Amino acid sequence: MKKLFLALTLLFISSLSLAGDCPDGSDPIKSVSDDGTYFIYKCGGGTSDNSNSSNDTSNNNISNSTTNKKSRNSKTLNKSSTIVTYDVEFSEAILKELLNKVVAKTEFDFSSYNIANNSGNINCAFKLRRVNYDESVEGKIENWDIAKGSLSIEDGKVSINKRSFWDMGGLSSDPSYLQNEVNIRVTKDGHFVGKMAYFVLNVESGEVAIKPSYPKLKKSPKSKPLDLNSPRKAQLWIDFDDPDEQWQGGLLYLSNCKK
Amino acid sequence: MSEFKLTRRDFLKASGASLFLAGLPIPGYTQDKPPGTISVIILEGGMDGLTAIPPFGDPNLMSMRKAITPENFLKLNSFFGLHPSFNFFSGLMAKNNAAVVHATNFPYVLRSHFEGQNLMQGGGTAPFSETTGWLGRSLDLAKTPGRALSLDMPLILRGHNEVDNFFPASIKSSSKLKDNLIDMITQSHANESATSFGKLKKKVGMEVKNMPRDPASLAVYAGKEMAKENGPLASVIKVDRFDTHANQGADENGNHGAQLTIVDDILKGYREGLGDAWDRSIILTLTEFGRTAFANGTNGTDHGYGSAGLLAGGMINKSKIIAQWPGLAKRDLFEERDLMSTIDYRSVCAACIEKALGLDHDIIADKVFYTPKLPRVYDYIFS
């Protein structure tokens, strides 16, 4: 009889705990007593007494109250009684090193250029030819198109249209390079700047595929830029920064441009 | 003659993984395009959260697992570190595009691979209680049920909708099967449905047979598909071999470290494939359980409970570690042997669904995880 009375008393106390909310509006945290015979309900911020609640697998003791959210930068606690967000902290030198690991291949800083954000819509045909510097400093423009198709300029951003293609074999036959790996803008004075996947070498069937290069497109004094007010044609020179690739360059011809 | 060298890392990088794409928006059915994409990397075997994200600030860590804790971890702050295998992930951390939820797991404590894997994919309250998966049910709710790409549909992607699984895998000597089947389905539907099936047929015909099958290349491919205008909204990549009972190793050259490298390569692959679509992506890892807090007699670890979840993507705008740290003292461990799970990982999945698919948390809790009172941890991750 005594045991029954004790059980009923504990049940009553337990239900009382359940009925009340914490002062900060969050739900009480449920845990198990040290001897495992009854539940304890505590408001957030109390001592962590949750470590023995091994059968409470639903983890409903997580507080979802934003008032409980803390940001902790030190190892002051080995245990915490609420969810804590630990900030990530790197020194400046390490941060710079880490950031270099995730820079996208076509990422380009346009901030130093005056981009023609109000260029409107311009469509052009294009062809790209390789310039060979092996035999002359001025370069010899080869007489075949390494890529061709059409492009659109919309508010400064250049997009290569579908059905455009590289003609360098190997991986260049994957159209996604022209669709997804071109990050080019047009400047107010009609130059193309940015980065793009670029196939330098021709790959024959059966040869090992060669990954594209990612040259920076910059303003070249040799270029004849596009007149954005009355666009018709342009010749834009592409130079490579990588010494191993400086034996060649590119010349992008734009023609039949229409606004 | 050049010497052919194949390192262990190269070999493992080329090892197999499985990719599944799902959630193709269907014109006329999908009302609003969800705000983002969601990708899940399933780590089968039980990833060791204490190795992946060593809580070096806890004084008990080194005494219980010195032989399997990397010495050259990257300090994320004064309490948590990052395993050296996470070369790319560390960059994402620096770029505020990554987060970690620690001391977390699905509500499952019995340490069986089969039950745990079923529960983490099913998202129910008990193993083998569900015939559909939490991601599939989420896609149903987002009205993007057109899913692909294999007869071996993983549980996580199975939904209730009838169009589920109409897209069969390639079967040897039956190369026309897919076309014929879709033609038949197309003929039995009209208007927008026919258009949709037409698009699907075009997708089937895509030349992917020469695509590399290593995990990183699969991630690049998945990312490129998801970046397309009407591409899939969800993808799942499965990687196994995390069950390192012996010779687990500590650093990136160890057995567990090599598997973590694969995860890192997958994240890098997604970043490359997604391109600009990275900004609306969320990627999360799942594992069926963590591993024992103490190293065993063969310098491995056995099946445990709490682990860590890795999150990455452009939808994360502040890198952080989120934990209700339970402590590593013996009395703080689950059954005095495993890291305690203090955050229900279903809450983390729910937050990612809420962010990527634009669904309400209460609906996700009720209709996807069948737990109406599932805590909402969205603000911890995304605010």
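What you are looking at is a predicted structure, and each value in this text was computed from that prediction instead of being measured. Per chain, numbering begins at 1; letters A, B, ... match sequence-line order.
Between the CG atom of A/Leu98 and the CZ atom of B/Phe89 there is a distance of 12.0 Å, given to the nearest 0.5 Å. A distance of 14.5 Å separates NE2 in B/His102 from CD1 in A/Ile83, rounded to the nearest 0.5 Å. From B/Phe79, atom CZ reaches atom OH of A/Tyr86 across 5.0 Å, with rounding to the nearest 0.5 Å. Note that CG of B/Asp276 and CG of A/Asn180 are 8.5 Å apart. Values are rounded to the nearest 0.5 Å. To the nearest 0.5 Å, atom OG of residue A/Ser91 and atom NZ of residue B/Lys75 are 11.5 Å apart. To the nearest 0.5 Å, the span separating OG on B/Ser319 from CD on A/Glu89 amounts to 12.0 Å.
Heavy-atom pairs under 4.5 Å with chain A were tallied for B/Val100, B/Leu74, B/Thr125; the largest tally goes to B/Leu74. Per-residue heavy-atom pair counts under 4.5 Å with chain A were compared for B/Ile322, B/Ile321, B/Val101, and the maximum is reached by B/Ile321. The residue among B/Ala98, B/Gly275, B/Ala323, B/Gly273 with the most heavy atom pairs within less than 4.5 Å of chain A is B/Ala323.
Interface remark: B/Ala227 contributes no atoms to any contact with chain A (heavy atom separation under 4.5 Å). Using a 4.5 Å cut-off between heavy atoms, A/Lys96 does not touch chain B at all.
The shortest side-chain heavy-atom distance between A/Val84 and B/Trp325 does not fall under the 4.5 Å cut-off. Within the 4.5 Å cutoff, side-chain heavy atoms of B/Lys224 are placed close to those of A/Asp174. A/Phe90 has its side chain within reach of B/Met93: a pair of non-hydrogen atoms, C-beta onward, lies under 4.5 Å apart.
A pairwise comparison of heavy atoms in A/Lys101 and B/Ser90 identifies NZ-OG, 3.5 Å as the closest pair. Residues A/Asp87 and B/Lys318 approach most closely at OD1-NZ, 4.1 Å, considering heavy atoms.
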*Passes salt bridge (Lys or Arg N to Asp or Glu O under 4.0 Å), B/Glu229 versus A/Lys162? Steps please.*
CA-CA 13 Å; B/Glu229 179 67 20; A/Lys162 288 179 180 172; over 6 Å; no
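Atom CG of A/Asn118 sits in a sparse spot, with 12 or fewer heavy atoms from other residues, nucleotides or ligands closer than 6.0 Å.
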